[in-house]
Amino acid sequence: MSPARDPAAPAGAPPRPLATALAAGTVLLDGGLSNQLEAQGCDLSDDLWSARLLVDGPDQIEAAHTAYVRAGAQVLITSGYQASFEGFRQRGIGRAAAAGLFARSVELARRAAGAVDRDVWVAASVGPYGAVTADGAEYRGRYGLTIRELERFHRPRIEALAAAGPDVLALETVPDTDEAQALLRVAGECGLPVWLSYTVAGDRTRAGQRLEEAFGLVAGEEQVVAAGVNCCDPADVDGAVRVAAEATRKPVVVYPNSGERWDAQGRVWTGGATFDPGRVRAWQDAGARLVGGCCRVGPATIAELAVLLGEGGTTHEPGES
């Protein structure tokens with residue numbers, strides 16, 4: 001029997017909430033959108049990065065999402081990571097038109113989700129303030145802004161995305177606890193489920209806070225369906241997953257980079273890839289239930305994860321071999 005449809009679900013959404021799926025087993029995320037767009041021949045040298053294609057290349061974004069769906073992804077993260085009303089305004093795009101572009105990011109992912117006959121959730125990307133400055137600040141945090149100032153920055157973006165009807169908000173690549181607090185407060189006003197994902201270095205946030213402190217912010221927060229890490233070195237994942245699971249008692253989300261290093265000054269990736277899909281079992285044992293890849297992790301790797309997890313994801317309880 002098919003599960004009863006959530007009456008509050010947006011049109012085109014899967015019949016069950018993402019939180020219900022996470023309670024039943026592991027759910028597979030997509031990989032890096034930017035690397036797939038580059039593989040399709042797109043130029044992302046613009047400060048808006050992949051968000052520029054919301055204006056002049058929406059078909060490319062939908063094609064990239066579709067590549068991940070066909071690889072087995074069960075959650076698509078939208079293309080608005082580096083989008084902001086301020087950034088669009090600098091391109092001469094007014095507020096109403098910019099709100100339409102945020103909505104388009106959700107619509108494109110929803111259309112790609114329709115390419116397969118299975119549940120695919122759409123997560124609206126809410127990137128950090130540092131992503132919008134386009135100078136690598138998301139890997140440092142501590143922007144010199146107060147929590148209230150960060151709330152004022154994020155509120156219009158989150159309101160525009162929430163109005164478009166995603167299944168969940170992805171508060172992702174968050175470098176410090178100040179921004180996490182701002183994002184959680186604003187997201188709490190919209191009523192949508194969220195996941196919170198820090199970018200980390202070793203056993204601390206990029207801004208240097210202990211992960212126990214960082215993840216402690218979401219303990220008891222019902223709106224938060226998962227918490228974890230993304231856009232980090234794969235070597236930093238195992239410890240972070242354990243801390244997230246212990247501190248939050250929630251499903252853990254994890255989607256690291258390939259292991260290559262981003263040179264923000266030269267705007268190039270350096271080094272070799274170290275992402276090992278076989279580590280997914282260890283992540284599951286530690287509490288991960290929402291897994292995938294971030295920068296430089298493409299559809300081929302997501303397809304490997306899909307095989308390891310089994311068709312549609314598998315339940316793998318801690319302690320199973």
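Remember, it's a predicted structure, so these values are computed and weren't measured experimentally. All residue numbers refer to positions in the sequence shown, counting from 1.
- If you take OG1 on T173 and CD on E179, they are separated by 10.0 Å, rounding to the nearest 0.5 Å.
- Here the options are P193, P17, P14, the test is side chain to side chain contact (heavy atoms under 4.5 Å, CB included), and the partner is D167; only P14 passes.
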Going through the distances and angles, do L290 and W121 end up as a side chain to side chain contact (heavy atoms under 4.5 Å, CB included)? CA-CA 12 Å; L290 187 56; W121 290 267; over 6 Å; no
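- A side-chain donor-acceptor contact under 3.5 Å links Q74 to the backbone of L28.
- No side-chain heavy atom of W195 sits less than 4.5 Å from a side-chain heavy atom of V218.
- Here the options are S34, S125, S50, C231, the test is side chain to side chain contact (heavy atoms under 4.5 Å, CB included), and the partner is Y81; only S125 passes.
- When all heavy atoms are compared, the tightest approach of S105 to S79 is CB-OG, 3.7 Å.
- Hydrophobic clustering (ILVMFWY, side-chain heavy atoms < 4.5 Å, transitive): Y143 and I158 are in distinct clusters.
- Minimum heavy-atom separation, K250 to E221: NZ-O, 2.8 Å.
- In this structure, the side chains of I302 and V297 come closer than 4.5 Å at one or more pairs of heavy atoms.
- One distance of note links OG1 of T274 with CZ of R279; it measures 11.5 Å at 0.5 Å rounding.
- The shortest side-chain heavy-atom distance between C232 and V237 falls under the 4.5 Å cut-off.
- For R296 against S258, the heavy-atom pair with the smallest separation is CB-OG, 3.3 Å.
- For N257 (side chain) and C295 (main-chain N/O), a donor-acceptor pair under 3.5 Å exists by modelled atom type.
- To the nearest 0.5 angstrom, T146 atom OG1 is 8.0 Å from E151 atom CD.
- When all heavy atoms of R206 and E138 are compared, the closest pair comes out as CG-O, 4.3 Å.
- Between the side chains of E86 and Q90, no donor-acceptor pair of N or O atoms lies under 3.5 Å.
- R16 places no side-chain N or O within donor-acceptor distance of the main-chain N or O of D119, the cut-off being under 3.5 Å.
- Residues L101 and V132 do not share a hydrophobic cluster, defined by chaining ILVMFWY side chains whose heavy atoms lie under 4.5 Å apart.
- A continuous path of Ile, Leu, Val, Met, Phe, Trp and Tyr side chains, each step under 4.5 Å between heavy atoms, connects L54 with I93, placing both in one hydrophobic cluster.
- Under the 4.5 Å side-chain heavy-atom criterion for ILVMFWY residues, no single connected hydrophobic cluster contains both L161 and L150.
- Q36 places a side-chain heavy atom less than 4.5 Å from the side chain of P299.
- Here OG of S84 is found 6.5 Å from CZ of F102. Values are rounded to the nearest 0.5 Å.
- Distance check, rounded to the nearest 0.5 Å: CG of L108 to CD of Q60 gives 11.5 Å.
- Looking at D56 and R91, no side-chain N of the basic residue comes within less than 4.0 Å of a carboxylate O on the acidic one, giving no salt bridge.
- The pair R242-D203 does not meet the salt-bridge criterion, since no charged nitrogen lies less than 4.0 angstrom from a carboxylate oxygen.
- The cationic group of R95 lies under 6.0 Å from the six-membered ring centre of F85 and within 45° of the ring axis, placing it in a cation-pi geometry.
- Not one N or O on the side chain of R52 forms a donor-acceptor pair closer than 3.5 Å with the backbone of L44.
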Walk me through it: do Y129 and L183 pass the test side chain to side chain contact (heavy atoms under 4.5 Å, CB included)? CA-CA 10 Å; Y129 175 84; L183 284 164; over 6 Å; no
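- A side-chain donor-acceptor contact under 3.5 Å links T177 and Q209.
- Rounding to the nearest 0.5 Å gives a distance of 12.0 Å between CG of L169 and NE2 of H154.
- The two residues Y198 and A214 come nearest to each other via the heavy atoms OH-O, 2.8 Å.
- When side chains are defined from C-beta on, L33 counts as touching H65, because their heavy atoms get closer than 4.5 Å.
- Within the 4.5 Å cutoff, side-chain heavy atoms of R185 are placed close to those of I147.
- The side-chain hydrogen bond (donor to acceptor under 3.5 Å, both in side chains) test with R142 is passed by exactly one of D178, D176, T205: D178.
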Stepwise side chain to side chain contact (heavy atoms under 4.5 Å, CB included) check, N230 with V253: CA-CA 8 Å; N230 79 292; V253 56; over 6 Å; no
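- Between R110 and G165, the shortest heavy-atom distance links the atoms NH2-O, 2.8 Å.
- In this structure, T26 and R289 have side chains that are in contact, with non-hydrogen atoms separated by less than 4.5 Å.
- Cluster membership for F153 and F88, using ILVMFWY side-chain heavy atoms within less than 4.5 angstrom, is not shared.
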Apply side chain to side chain contact (heavy atoms under 4.5 Å, CB included) to residues I77 and D30 and explain how you reach the verdict. CA-CA 7 Å; I77 303 174; D30 58 8; 3.7 Å; yes
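- Here the side chains of F275 and L305 are in contact, with some heavy-atom distance below 4.5 Å.
- The backbone N or O of G32 lies less than 3.5 Å from a partner atom in the side chain of Y68, making a donor-acceptor pair.
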